[in-house]
Amino acid sequence: MTACPVGIAHTYMAAENLEKAAEKMGVEMKVETHGSIGIENELTPQEIDEADGVIIASDTGLDKSRFVGKPMISKGVQAGIREPEQMIQQIIDGQASVYGNAKDKQQVQAETKRNKENPIYKHLMQGVSYMVPFVVVGGLLIAVALTLGGEPTAEGIVIPENTIWSTINDIGGAAMTFMVPILSAFIAYSIADRPGLVPGMIGGLIAADGSFYGSETGAGFIGGIISGFLAGYIALSLKKLKVPKALQSVMPIIFIPILSSLAVGLLFVFVIGQPIAALFSGLSTWLASMQGSSEILLALILGAMISVDMGGPFNKVAFLFGSGMIAEGNYRIMGPIAVAICIPPIGLGLASLVMKKKFSKGERETGKASLTMGLFGITEGAIPFASQDPLRVIPSIVVGSMAGSVSATLGNVGDRVAHGGPIVAVLGAVDNVVWFFVSVLIGVAVTILMLRLLKKDIDQGEPVISAADQVQPAGQPAASPANETKTAADPTGNENVEISKLTDILTEDLIELNLNNATKEGAIDELIAKLAKHQAITSEADFKAAILAREEESTTGIGMNIAIPHGKSAAVKEPCVVFGRREEGIDWESLDGSPAKLIFMIAVPADNKNDAHLKILQMLSRRLMDDQFREALLNVTTKEEAYDLLKTVA
C-alpha cells in the first residue's frame, strides 16, 4: 500500500516504482494506492491470504488489521520511491517481521467468521439502504403540502382538493406506499439475487395492505422485513433445486419468482395476516376499556404503541383509537398521541446532530430529514435509524414517547384534529399549547439520553485532509476507475470540458522552457504570471497565497529534479497546469536534495466538484518516474516538442 499526506504525487510515484521493481525482479505484486481520490486497486481478502508479504510505503496512518500474521515492511513513502528493490528483497529474504501476534490473528479471523455467520444484518441493511430515499422524499413532500396547504378541521388537517398542495401530497403519499415493498424486495434480493426481487416486492405490498388479510391497517415495516426474509429464503431454496437442463435457463425468470411469490403471498393472507388482524382488533377493544382512572397507564401504552413500529400496525391502532375519541368529543386522548407521534423522528434527528460519534455521516444526513419530518408529525422519519439498529433505537424512542405522552396527560393536553407534531399546535388545534411543547421536549430529552446510554460510538472512518491540500472536498464520492474519462469545470462554470490527458488542461502558451528566476518564490511568481496571462486566474496575489500555504505544509519538491506546486483558490477559473523548466535548477528544498529543473504548477478552483485533475496528477507522477521521459523533457528545444512529449501523459 502507498500513501502520502497530500495523496497526489508521492502516492503514485511510490506505486509506480514498486511495480517496476517487482517486474524487474520477477515478482508478482499488486499495489493499493490511498490518494486524494480515494482507494484504488483495492486488495481482496484472497489476495492478502495468498501473499508472501506486505510492503507499506506511507507517511499516513493506514489500517493494517487486514495483514495480521503476514511478514511486513513498513516505511515512509520516500522509501517506496527510492528503494523499492531493497524492500522487496527483504520480503524475499525473510527479513520482514510478522505483523501482529497469534491472538490478534485469531481476533481478526473471529471477526471475519462472525460477519460470515451473521448475514441477517447484511440483508436487512440492503433493504434499508433502498428504502430510505422513499421515506425521505415521501415524508418531506407530505410535510410541505401539510404546512403550506393544510387546514385544521374536526377530521384532522385537510388539504383542499384540486389544489397544487393536494397534488404534492398525493405524490408524497405515492412515494411512501413504496416504502415497505422496496424494503421487502431488496432484503429478498440480497438473499437470493434477482429471483428474490419479485416475490419480495409482492410480499411487501401484501404486508403493507391489510385488506388482503382482513385488517384495517397493514403490517408496516415489520411486516415488510418478515416478507422480505420469507421471499428471499424461499427463492434461495428453489434456486438450489436440481432441475433438468432444459429448465435451468427459465428457473430464475419464471418458476422461482412465480412459486416464491405464491408461497409468500399465501402465507401472509392465510397464516400470518389473520393473527395480526385479530391482535389489532383486540388491542382496540382493550384500549377503549382503559379510559378514566387508568389515564396514566393508557398514556404509557399509547406512547409505546405509537413509537414501537413508527407508522406500522401498532401505531395505526393507537392513532385510530385517538381519532375515534375525537369524534366522541374527547380530545385528551389524541393530545398525548400527538406528542408521541413526533418524538421518535425529532429525537433521533437531534441526537444524530449532537452525538456525532454515535452516528455515521450518512445517518447524520438522514437525521436532518428525520427532524423535519418530525416537526410535521411524520413518525416514519425514524424508520431508517430503527431499521439499522433496532435493539438500541426502538427502546430509546419507546421510552421517550412514553415519557412525552404521560407528561401530556398530566398537563391536560388535548388535540382537536387527527394529526400530531408541532404542526397541529402551530395551526391552533391543540389545547394547552405550552404544555404540549414541554411534553415534546421532555420526550425528546429522554430519547437522546437513552440513545447516549445504549448506542455505542462508531468508527467514523472519515479522512481528514488539510485545507491547503484538500483537492477533493471531504464527503465527495471516490473517483471512478483510472481509464474512465473525467470532466472539469470550464471558465463559465459548466462541467463539460473533457479531461483524459495532461494536455487537456495544458497548452503551449502555458509552457516556459527557460525560467528566468533562480529562486523558488521568483519561479512561482513567473509561473503564476503565465496563468494570469492565460486568463486562468483572476488574482495573482490570491492564488500565490494558496501556493505558499501549501509549501508551508511541506515542500512540493518531490525529488529527481521535479517540483509539483499546487493550490486551490477561488481565484482559479478552471483546472489548469503550467510547466516551467530551468536547466540550472532551483533550490526547492526537495527531499532528496536535488534542485528542481522540471516544475509543474497545478491550479484548481476552490469550488471544483470534479476530481478529474487528480487523475491527471496521478498520471503525471507515474510518468515522471520514467528516466527516459524526464531526460527527454530536459532536452527538448521548443515548446512544440515539449507539448508533443507531454501529450503522452494520459
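Treat the numbers as computed from the prediction; the structure is a model and nothing was measured.
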How about L375 and I423: do any of their side-chain heavy atoms sit closer than 4.5 Å? no
Partners meeting salt bridge (Lys or Arg N to Asp or Glu O under 4.0 Å) with E365 (sequence neighbours left out): K368
N/O donor-acceptor pair under 3.5 Å between Y213 side chain and A207 backbone: yes
Contact summary for G349 and S370, nearest pair of heavy atoms: N-OG, 4.1 Å
Looking only at atom types and distance, does a side-chain atom of E32 sit under 3.5 Å from a main-chain N or O of M1, one as donor and one as acceptor? no
Can you check whether S407's main-chain N or O pairs, donor with acceptor, with W435's side chain at less than 3.5 Å? yes
Looking at every heavy atom in both S190 and H123, which two are closest together, and how far apart are they? OG-ND1, 2.7 Å
Can you name the closest pair of heavy atoms from P195 and A235 and give their distance? O-CB, 4.0 Å
Could you tell me whether a side-chain N or O of S439 sits under 3.5 Å from a main-chain N or O of A408, the two making a donor and an acceptor? yes
Would K356 and E363 pass as an ion pair if we require N to O under 4.0 Å? no
Can you tell me how far the CG atom of L267 sits from the CD1 atom of I234, to the nearest 0.5 Å? 5.5 Å
Would you check if the side chain of T163 reaches a backbone N or O of P160 as a donor-acceptor pair within less than 3.5 Å? yes
Spacing of CG belonging to L197 relative to CD1 belonging to I187, to within rounding of 0.5 Å: 12.0 Å
Using only atom types and a distance under 3.5 Å, with no angle test, would you say the side chain of K239 pairs donor to acceptor with the backbone of A192? yes
Would you say the side chain of T379 lies within less than 4.5 Å of the side chain of I343, judging by non-hydrogen atoms? no
Suppose we screen for salt bridge (Lys or Arg N to Asp or Glu O under 4.0 Å). Which residues come up paired with D431, at least two apart in sequence or across chains? R416
Partners passing ring pair (Phe, Tyr, Trp, His ring centres under 6.0 Å) against Y189 (at least two apart in sequence or in another chain): F186
So do L302 and M402 actually touch side chain to side chain, heavy atoms under 4.5 Å? no
Quick one, L43 and R66 - any side-chain contact, counting heavy atoms below 4.5 Å? yes
Lys/Arg cation over aromatic F385: K455, 6.0 Å, 45° cone: no
To the nearest 0.5 Å, tell me how far L230 CG sits from I191 CD1. 9.0 Å
Any donor-acceptor pair under 3.5 Å linking the side chain of S184 with the backbone of V180? no
Which atom names give the shortest non-hydrogen contact between L348 and A382, and what distance separates them? CD1-CB, 3.5 Å
Less than 4.5 Å apart, side chain to side chain, heavy atoms only: is that true for L238 and L241? yes
Step by step, work out the side-chain contact (heavy atoms from CB on, under 4.5 Å) result for R392 and K456. CA-CA 9 Å; R392 297 179 181 88; K456 297 179 180 179; 3.4 Å; yes
V264 and I202, any side-chain heavy atoms less than 4.5 Å apart: no
Least distance between heavy atoms, R332 atom then T409 atom: NH2-O, 3.4 Å
Short side-chain to backbone donor-acceptor contact, S405 and A299, under 3.5 Å: yes
Is there a donor-acceptor contact under 3.5 Å linking the side chains of S396 and T447? no
Decide yes or no for I296 and L410: does some side-chain heavy atom of the first lie under 4.5 Å from some side-chain heavy atom of the second? yes
Any donor-acceptor pair under 3.5 Å from S352 side chain to F359 backbone: no
Calculate, to the nearest 0.5 Å, the distance between atoms CE and CG belonging to M355 and D457 respectively. 9.5 Å
Reported OG-to-CD1 distance for the pair S211 and I206, which is rounded to 0.5 angstrom: 9.5 Å
Nearest heavy atoms of F436 and P422, plus distance in Å: CE2-CA, 3.9 Å
In this structure, CG of D415 is separated from CD1 of I341 (nearest 0.5 Å) by 8.0 Å
Less than 4.5 Å apart, side chain to side chain, heavy atoms only: is that true for T167 and I171? yes
Taking the side chain from S261 and the backbone from P257, do they hold a donor-acceptor pair closer than 3.5 Å? yes
